[in-house]
Amino acid sequence: MARAADEIELRTDFSLLIDGELRTSEQHLDVVNPAYGAVFARCPAAGRAELDAAVTAARRAFKGWRKTSYAERAALVKKLSQALRDNQQELAELLTREQGKPLAQSVAEIDRGAAQSDGMVGIEIPVETLVENEKQHIELRYRPLGVVGIITPWNAPVNLALGPLVSALYTGNTVVLKPSPYTPLTTLKLGELMKQVFPAGVANVLAGGDELGRWMTEHPHIDKISFTGSVATGKKVLASAAATLKRVTLELGGNDPAIIMDDVDPKAIAKQVFFASFVNSGQVCMAIKRIYAHEKVYEALCTALVAEAEKAVVGDGLDPATELGPIQNKMQYEKLIGILEDTKRRGAKILTGGEVPKGRGYFLPPTLVTDVPEDSRLVREEQFGPIVPILKFTHVDDALERANDTRYGLSGSVWTSDVNRGAEIAAQLEVGTAWVNQHRATSAFVPFGGAKESGYGRQYSVLGLKGYMEPEVVSVAK
Ligand code: NAD
């Protein structure tokens, strides 16, 4: 495994952003570099006082911000995406240190976040005329909600902050943003950039633990929560937000199936299927989590995927040779080791990988598994890591039934040389997004979100933006 030099000094150059000021606090968070399993940075952590100060600032700033035009707000968002690009390398290195992903993928995450931000602020939300005649004029307008609390997970902290952040700001809301305690640092640096761009109080960034997230969901002066994270926490967020009837968008976990039909060339698709399963070491909400392969192509697909896995270089994300970084945190690492042990106990066949390496850091090799019972943890749960089952099917109806036999419903894909048939099969997947001959393709103009327990509401596109707004009918009798 490739390893770069040890981390030496503790980095502490981080601040909260509250009311346009960079602030410290009494509590702090220690942040671990998962490639070493060792603390490399410390940042301030917000308590209730900091949350109240941020919410008060955001409420005050809302009065002016809501009156600005879409064009003015779009111009400031574009300034932010430019600032992200100007600071991309430094931000990407920090992101890799705290999150673990290969540097090229950190660079890509920032690129993608900036591009999607620019895309979103090109979307128009016009006033809709519903009735126009001699007697009446009825129109449907959309106005901002107020203060939006944004809570993000640890797997793609920049991109998953920018989606809701830009949606909220562009539609005229102000924001309090809280990253995961495992990966707060790049988000705090995003706060420093936002300080240069937005009026004081419009965007506030608070690092903090899980309890800070809970306080946000309970806060009487936050109007909406945009939450990205696990299903279990998503349910708590929804329950807690009910007390104040906050609006809620939930982007939750998935157990995303890929159905590989009998007419594909397994060698030709292996690279793409492998990447969609193992990118960020499988720690992607919409990564392929279960591969259903037709019996005609099953053996050849297994061989081609194993070849991809055995080529992949696992190591410290700062090493340019690395293609797969570590698991982001110890808790997730131990969960994955538990799933691996359960998979072996259930008599499954490990085609490649499957051994936990000795030494520092939370590393696991890409692991492909066959002959695994459908009711095993690996098939039923969201593994969120580099262990993927390949399951055989004979009839597509059976594959669809098994693919849909889950409470999850984020995304899925169908792989076939008959694209029309592929689209018909894809439409039968019970998911928010069903792809054909691709997986993990998203855009600022296309809604993304989960069916069933994978989510509530949508992000991106005009549909997503309207989730940050209150529809209001103005009905005029002439
Ligand atoms: P998590 O649910 O443990 O934590 C997410 C965030 O919620 C963190 O900031 C955490 O501090 C906060 N939090 C914890 N308890 C809270 C509470 N009671 N109230 C409010 N906030 C609370 O999730 P995670 O482990 O950080 O992230 C991994 C999960 O996120 C996976 O399930 C993954 O699929 C999902 N995810 C979904 C999407 C999507 O777009 N659908 C994208 C990325 C990740």
Side-chain angles (χ1 to χ4, degrees), residues 29 31 34 45-46 51 98-99 101 109 112-113 116 149-164 167 176-184 187-188 205-219 222 225-243 246 248-256 279-289 327-336 381-385 406-412 431-433 440 442 446-460 464:
L29 288 172
V31 183
L51 175 61
E98 65 173 339
Q99 203 285 327
K101 65 184 62 179
E109 179 174 335
R112 187 167 167 187
Q116 295 203 330
I150 298 170
I151 302 173
T152 59
W154 46 258
N155 63 323
V158 176
N159 201 20
L160 297 173
L162 283 169
S167 304
V176 177
L177 165 63
K178 184 201 100 65
S180 163
Y182 291 116
T183 53
T187 311
L188 292 174
V205 184
L206 303 178
D210 294 350
E211 66 289 351
L212 176 64
R214 186 167 50 77
W215 299 335
M216 288 168 72
T217 63
E218 292 166 354
H219 205 290
I222 291 183
I225 294 287
S226 181
F227 172 84
T228 309
S230 63
V231 171
T233 312
K235 288 179 182 175
K236 289 186 197 163
V237 168
L238 191 59
S240 175
K246 283 181 180 50
V248 173
T249 299
L250 301 176
E251 294 284 348
L252 308 178
N255 192 5
D256 306 28
V279 60
N280 200 14
S281 294
Q283 301 164 108
V284 175
C285 56
M286 59 183 126
I288 296 173
K289 315 265 180 6
I327 306 310
Q328 199 281 324
N329 61 72
K330 195 152 186 263
M331 198 171 72
Q332 178 64 15
Y333 190 50
E334 283 167 359
K335 177 184 152 187
L336 284 165
E381 292 182 19
E382 180 193 37
Q383 69 274 49
F384 216 58
T406 169
R407 287 302 305 149
Y408 290 104
L410 190 59
S411 71
V431 293
T433 305
R440 205 177 151 257
T442 60
V446 179
F448 184 79
K452 297 172 162 179
E453 291 191 10
S454 285
Y456 203 85
R458 293 291 181 269
Q459 209 73 259
Y460 303 112

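Just so you know, ligand 1 is whichever comes first in the structure, and atom 1 is the first atom listed for that ligand. Remember, it's a predicted structure, so these values are computed and weren't measured experimentally.
- Remark: Ser180 OG to Asp210 CG distance equals 7.5 Å, nearest 0.5 Å.
- Between Ser454 and ligand 1, no pair of N/O atoms sits closer than 3.5 Å.
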>> Evaluate Glu382 against Lys289 for side-chain contact (heavy atoms from CB on, under 4.5 Å), listing each step before the verdict.
In response: CA-CA 7 Å; Glu382 180 193 37; Lys289 315 265 180 6; 4.0 Å; yes
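- Between Leu206 atom CG and Ile150 atom CD1 the span is 11.5 Å, to the nearest 0.5 Å.
- Residues Thr187 and Pro157 approach most closely at OG1-CB, 4.0 Å, considering heavy atoms.
- Scanning all protein heavy atoms for the shortest distance to atom 12 (C) of ligand 1 gives Ile151 CG2, 3.6 Å.
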> What do the steps show when you test Phe384 against Asn155 for side-chain contact (heavy atoms from CB on, under 4.5 Å), and what is the final call?
Replying inline: CA-CA 10 Å; Phe384 216 58; Asn155 63 323; 3.5 Å; yes
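- For the pair Glu109 and Val158, the tightest heavy-atom approach, listed with the atom from each and the gap, is OE2-N, 2.9 Å.
- At least one N or O atom of Glu382, backbone or side chain, sits closer than 3.5 Å to an N or O atom of ligand 1.
- Of all the heavy atoms in Tyr456 and Val248, the pair that sits closest is CD2-O, 3.8 Å.
- At the top of the distance list for atom 42 (C) of ligand 1, counting protein heavy atoms only, stands Cys285 SG, 3.1 Å.
- For atom 11 (O) of ligand 1, the nearest protein heavy atom (residue, atom name, distance) is Asp210 OD1, 2.7 Å.
- The single protein non-hydrogen atom nearest to atom 7 (O) of ligand 1 is Phe227 CE1, 3.1 Å, given as residue, atom name and distance.
- Of the protein's non-hydrogen atoms, Ser230 N, 3.4 Å is the one closest to atom 23 (O) of ligand 1.
- Considering backbone and side-chain atoms alike, Phe384 places every N or O at 3.5 Å or more from each N or O of ligand 1.
- What sits closest to atom 20 (C) of ligand 1 on the protein, heavy atoms only, is Gly213 C, 3.2 Å.
- With ligand atoms numbered from 1 in the order given, ligand 1 contributes 24 (P), 25 (O), 26 (O), 27 (O) to contacts under 4.0 Å with heavy atoms of Trp154.
- Within ligand 1, the atoms closer than 4.0 Å to a non-hydrogen atom of Thr228 are 5 (C), 37 (C), 38 (C), 39 (C), 40 (O), 42 (C), 43 (C), numbered from 1 in the order shown.
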>> Walk me through whether Met286 and Thr433 qualify under side-chain contact (heavy atoms from CB on, under 4.5 Å).
In response: CA-CA 9 Å; Met286 59 183 126; Thr433 305; over 6 Å; no
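- Close contacts of ligand 1 with Phe448, meaning ligand atoms under 4.0 Å from a residue heavy atom, involve 40 (O).
- How far NZ of Lys246 is from CD1 of Ile222: 6.5 Å, rounded to the nearest 0.5 Å.
- Close approach of ligand 1 to Asn155 is summarised as follows: ligand atoms under 4.0 Å from at least one heavy atom of the residue are 43 (C), 44 (C).
- Atom numbering of ligand 1 starts at 1 in the shown order; those under 4.0 Å from a heavy atom of Leu160 are 42 (C), 43 (C).
- Close approach of ligand 1 to Pro179 is summarised as follows: ligand atoms under 4.0 Å from at least one heavy atom of the residue are 9 (O).
- Nearest heavy atoms, Gln116 versus Tyr460: OE1-OH, 3.0 Å.
- Counting heavy atoms closer than 4.0 Å to ligand 1, residue Leu252 contributes backbone atoms (N, CA, C, O) but none from C-beta onward.
- Per-atom contact check: atom 4 (O) of ligand 1 does not touch the protein, criterion being a heavy-atom distance below 4.0 Å.
- Considering backbone and side-chain N/O atoms, Thr233 comes within less than 3.5 Å of an N/O atom of ligand 1.
- Considering backbone and side-chain atoms together, Gly229 places an N or O closer than 3.5 Å to an N or O of ligand 1.
- Looking at atom 27 (O) of ligand 1, its nearest protein heavy atom turns out to be Pro153 CB, 3.1 Å.
- The CG atom of Leu160 sits 13.5 Å away from atom CD1 of Ile151, with the distance rounded to the nearest 0.5 Å.
- At least one heavy atom of Pro181 sits closer than 4.0 Å to an atom of ligand 1.
- Residues Tyr182 and Gln332 form no side-chain contact, since every pair of their non-hydrogen atoms from C-beta on lies 4.5 Å or further apart.
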> Step by step, would you call Glu381 with Lys335 a side-chain contact (heavy atoms from CB on, under 4.5 Å)?
Replying inline: CA-CA 11 Å; Glu381 292 182 19; Lys335 177 184 152 187; 4.2 Å; yes
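- For the pair Thr152 and ligand 1, the shortest N or O to N or O distance falls below 3.5 Å.
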